[in-house]
Amino acid sequence: MTVWTAADIPDQSDRIAVVTGGNSGLGLVTSRELARHGARVVLASRDRQRGEAALRAITNAAPDADVELRLLDLASLDSVRDFAEGVLASYDGIDLLVNNAGVMAIPR
């Protein structure tokens, strides 16, 4: 059996990756590894402090990382609209969209 690891990620240079929930857990690891492999990572976080902590963690682990924080609250359509407009104004498009943010353990 072949085991796939982050070391198997091909070169992501010249790619724009948006990762929702990129400030913790799987989103943080995904953001870090995409940045390590050359992607420009747009880390989407609803909380500025947690997002800034994630940026520091990524740049500490990968000093050459090209990563930016943009605020995004998926519970707010205004926030989603502002985020999308900001990304479209900054880039010609995106190459990777990692829809990682979600709701967990909601009440029944």
Check whether any side-chain heavy atom of Ile9 lies under 4.5 Å from a side-chain heavy atom of Arg36, and answer yes or no. no

In the structure I gave you, are the side-chain heavy atoms of Leu34 and Leu96 within less than 4.5 Å of one another anywhere? yes

Linking I/L/V/M/F/W/Y whenever their side-chain heavy atoms sit closer than 4.5 Å, directly or via other members, would Val19 and Leu69 fall into one cluster? yes

Same cluster or not: Val41 versus Tyr91, using hydrophobic residues (I, L, V, M, F, W, Y) connected whenever any side-chain heavy atoms lie under 4.5 Å apart? no

Checking Ser13 against Asp11: is there a side-chain donor and acceptor pair closer than 3.5 Å? yes

Straight-line distance of [X] [atom1] to [Y] [atom2], nearest 0.5 Å:
X: Thr30; Y: Leu43; atom1: OG1; atom2: CG; result: 10.5 Å
X: Asp66; Y: Ile58; atom1: CG; atom2: CD1; result: 11.0 Å
X: Glu33; Y: Leu26; atom1: CD; atom2: CG; result: 11.0 Å
X: Ser76; Y: Arg46; atom1: OG; atom2: CZ; result: 12.0 Å
X: Asn60; Y: Leu55; atom1: CG; atom2: CG; result: 10.5 Å

Which pair of heavy atoms, one from [X] and one from [Y], lies closest together, and at what distance?
X: Thr20; Y: Leu72; answer: CG2-CD2, 4.0 Å
X: Ala44; Y: Asn23; answer: O-OD1, 4.4 Å
X: Ser24; Y: Arg50; answer: OG-NH2, 3.4 Å

Asp14, CG atom: more than 12 neighbouring heavy atoms under 6.0 Å: no

Would a distance-only check, ignoring hydrogens and angles, find a side-chain to backbone donor-acceptor pair under 3.5 Å from [X] to [Y]?
X: Arg70; Y: Gly86; result: yes
X: Thr59; Y: Arg56; result: yes
X: Asp95; Y: Ile16; result: yes
X: Gln12; Y: Pro10; result: yes

Full working for side chain to side chain contact (heavy atoms under 4.5 Å, CB included) between Ile94 and Val42: CA-CA 10 Å; Ile94 61 171; Val42 179; over 6 Å; no

Evaluation steps, side chain to side chain contact (heavy atoms under 4.5 Å, CB included), between Leu71 and Asp73: CA-CA 7 Å; Leu71 296 181; Asp73 180 355; over 6 Å; no

